[in-house]
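Any value given below was found using the heavy atoms of this structure, including those in side chains, with hydrogens, waters and symmetry copies removed.
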Protein chains: 2
Amino acid sequence: MKINPADLNQVDVLKDAPLEDLNLIVEKSILRSIEEDSFYFFQGDPAKYAYILVTGRVKLVQSNPAGQQVNLRTIKQWEMFAALGAIRSDATYPVAAQALEPSSALAIESKVLQEMMQTRPYLNMGLMQLMTGYIQEMQNRYRELATEKVERRLALTILRLASQVGIKSQGQIELPLSQQDIAEASGSTIYTVSRTLSEWEKRGLIETGRGRIVMRNPHGLVEIAEGIESA
Amino acid sequence: MKINPADLNQVDVLKDAPLEDLNLIVEKSILRSIEEDSFYFFQGDPAKYAYILVTGRVKLVQSNPAGQQVNLRTIKQWEMFAALGAIRSDATYPVAAQALEPSSALAIESKVLQEMMQTRPYLNMGLMQLMTGYIQEMQNRYRELATEKVERRLALTILRLASQVGIKSQGQIELPLSQQDIAEASGSTIYTVSRTLSEWEKRGLIETGRGRIVMRNPHGLVEIAEGIESA
DNA sequence: TTTCTTCTTTGCTTAAGCGCAAATAAAGGG
DNA sequence: CCCTTTATTTGCGCTTAAGCAAAGAAGAAA
């Protein structure tokens with residue numbers, strides 16, 4: 001596949017980048033295509049590349065010593081991920097990046113990005129915006145996990161995922177994620193997720209299918225998320 | 001009180017700053033002194049200032065709609081906090097900053113910091129290092145909260161707090177924090193914290209007092225944190 | 001179509017830890 | 001030194017949701 005450099009303006013971090021820089025990035029990077037369930041990198045690998053997702057979807061997961069996983073973020077097209085290495089030159093990836101479907105991503109050497117940052121203020125600003133957004137999201141999720149009950153957390157998780165990787169089809173938003181993914185993203189278990197989603201389906205809030213959740217009544221979910229439980 | 005600009009080199013973000021910049025910062029900022037339990041700012045306030053803590057200790061807390069709190073970070077002398085506003089110009093503070101003891105901090109207008117960032121690469125790098133550190137810490141804490149049991153999380157929390165705000169005295173590390181603070185930092189309750197700390201005290205791992213925890217056997221805590229439980 | 005695999009559902013049991021209530025202890029103020 | 005306030009401890013009951021086991025459903029492969 002060929003990348004059209006102009007497309008890179010869709011990447012938030014690069015929205016103010018001049019075309020010549022986009023050309024430079026495409027020229028200096030390589031396109032890595034991987035199949036479903038494969039990894040771009042593992043937790044602990046030296047952070048040699050930053051990535052821009054070109055096609056597919058990728059999740060960033062972290063495992064504890066016992067092997068239990070949490071989903072920290074789901075990446076969609078034209079999102080940059082693993083930019084950490086560009087900032088901490090000695091760093092290893094603190095997460096693993098696993099493809100949710102066949103995917104391809106531009107791999108940019110951390111070194112290249114670092115050099116570009118020396119002389120391009122827009123790149124610094126873009127990366128900082130990205131990072132502050134991450135920090136705020138993680139702080140919110142941490143607070144939710146510490147203080148909210150599962151049902152509410154699930155509603156918050158699904159709303160968040162919908163805004164990040166939801167797909168609009170026929171006026172409805174669809175999440176192409178398995179219940180396992182939802183469980184790992186909300187800090188719960190597949191059993192509780194299944195039970196809760198079934199309950200919501202009965203109430204007409206959502207529609208579930210294998211590896212798929214359709215939001216029928218987003219407002220109802222917002223009410224659950226905010227604790228305006230009608231039940 | 002008078003600030004000696006040269007002291008600001010102890011601030012991580014400013015460790016590479018030339019003295020003239022430190023002078024500029026002191027000149028352009030104001031020193032705010034507040035008493036115990038007061039706030040530098042509340043969650044939701046417009047993020048007009050970034051701060052450098054000069055004396056005392058400050059905690060960053062976030063509340064959920066019901067008023068339950070979580071501690072996101074404890075700040076000690078010469079740490080910068082609330083630097084977010086300097087990056088997102090329209091931002092409001094996503095957390096509140098409350099003094100754990102009488103404190104004073106340099107308040108730097110976000111605008112000033114923003115202007116300085118235009119022409120000072122060291123400042124950009126410093127802030128990015130700070131933010132990547134935050135991100136990694138929050139990701140780890142999130143995973144811990146999602147996957148680990150309370151006792152282990154408590155050990156991890158105490159070890160983390162010890163490295164961040166621990167005070168060395170007579171070869172031992174002391175944490176000047178109440179059990180309430182520990183509970184809010186670990187995502188637990190004062191009851192469970194009390195029970196667990198009592199148990200650890202019996203085992204000789206720590207020594208507790210009102211608003212104070214002394215680590216007697218840090219290695220033992222590490223073992224609990226890593227799941228090498230001897231019990 | 002038939003078979004296999006993977007995902008989802010559901011009944012049941014159980015452990016963890018929350019949280020009330022009340023007692024006890026420590027610090028601070030006058 | 002006494003009194004008030006605030007922090008810590010502990011017994012006890014109870015809820016939540018985790019987790020096993022086993023069945024059912026939906027795709028994928030053959």
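Rounded to whole angstrom, the span from the CG atom of A:D181 across to the P atom of C:dC7 amounts to 9 Å. Rounded to an integer number of Å, the gap from A:Q179 CD to C:dT10 C1' is 12 Å. As a whole-Å value, the separation of A:E36 CD from C:dT6 C1' is 12 Å. Across the protein-nucleic acid pair, A:L145 atom CG and D:dT16 atom C1' stand 14 Å apart, rounded to whole Å. Going from atom CD of B:E207 over to atom P of D:dT8 covers 15 Å, rounded to whole Å. For the pair B:L177 CG and D:dT8 C1', the interatomic distance rounds to 15 Å; values are reported in whole Å. Rounded to an integer number of Å, the gap from A:I190 CD1 to C:dT6 P is 14 Å. D:dA7 atom P lies 8 Å from atom CG of B:D37, rounded to whole Å.
Across all strands, A:S198 comes closer than 4.0 Å only to sugar-phosphate atoms, never to a base (heavy-atom distances).
Judged as a ring-ring contact (aromatic ring centres under 6.0 Å, His included), and not counting sequence neighbours, the contacts of A:F41 are A:Y51, A:Y93.
For D:dT8, neither phosphate oxygen OP1 nor OP2 lies less than 4.0 angstrom from any side-chain nitrogen or oxygen of B:S194. Applying the 4.0 Å criterion to OP1 and OP2 of C:dC7, one finds that A:T208 has every side-chain N and O outside that range.
Between the side chains of A:R153 and A:S186, no donor-acceptor pair is found at a separation under 3.5 Å.
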request  = Scan nucleotides 17-30 of chain D nucleotide by nucleotide, 5' to 3', and note B when protein non-hydrogen atoms come under 4.0 Å of the base, S if they reach only the sugar-phosphate, - if neither.
outcome  = SSBBB---BB----

inquiry  = Quick one, A:R160 with A:E144, criterion salt bridge (charged side-chain N to carboxylate O under 4.0 Å, His left out). Give me CA distance, side-chain angles, the key distance, then yes/no.
reply    = CA-CA 12 Å; A:R160 184 177 291 123; A:E144 288 164 13; 2.7 Å; yes

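Of the residues A:E137, A:E79, A:K76, the one that meets the side-chain hydrogen bond (donor to acceptor under 3.5 Å, both in side chains) test with A:Q164 is A:E137.
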Expected list for residues 57-71 of chain A: side-chain donor-acceptor pairs under 3.5 angstrom, two or more places apart:
from: A:R57; atom 1: NE; to: A:E101; atom 2: OE1; distance (Å): 2.8
from: A:R57; atom 1: NH1; to: A:P176; atom 2: O; distance (Å): 3.0
from: A:R57; atom 1: NH2; to: A:E101; atom 2: OE1; distance (Å): 2.6
from: A:R57; atom 1: NH2; to: A:P176; atom 2: O; distance (Å): 3.3
from: A:K59; atom 1: NZ; to: A:D181; atom 2: OD1; distance (Å): 3.0
from: A:Q62; atom 1: NE2; to: A:P94; atom 2: O; distance (Å): 3.0
from: A:Q62; atom 1: NE2; to: B:N140; atom 2: OD1; distance (Å): 3.1
from: A:N64; atom 1: OD1; to: A:A66; atom 2: N; distance (Å): 3.0
from: A:N64; atom 1: OD1; to: A:G67; atom 2: N; distance (Å): 3.0
from: A:N64; atom 1: OD1; to: A:Q68; atom 2: N; distance (Å): 2.9
from: A:N64; atom 1: ND2; to: B:T147; atom 2: OG1; distance (Å): 3.1
from: A:N64; atom 1: ND2; to: B:E148; atom 2: OE2; distance (Å): 3.1
from: A:N71; atom 1: ND2; to: A:D181; atom 2: O; distance (Å): 3.4

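Here B:E223 does not pair with B:R203 in a salt bridge; the nearest charged N to carboxylate O distance is not below 4.0 Å.
Note: B:Q77 CD to B:S103 OG = 10.5 Å, rounded to the nearest 0.5 Å.
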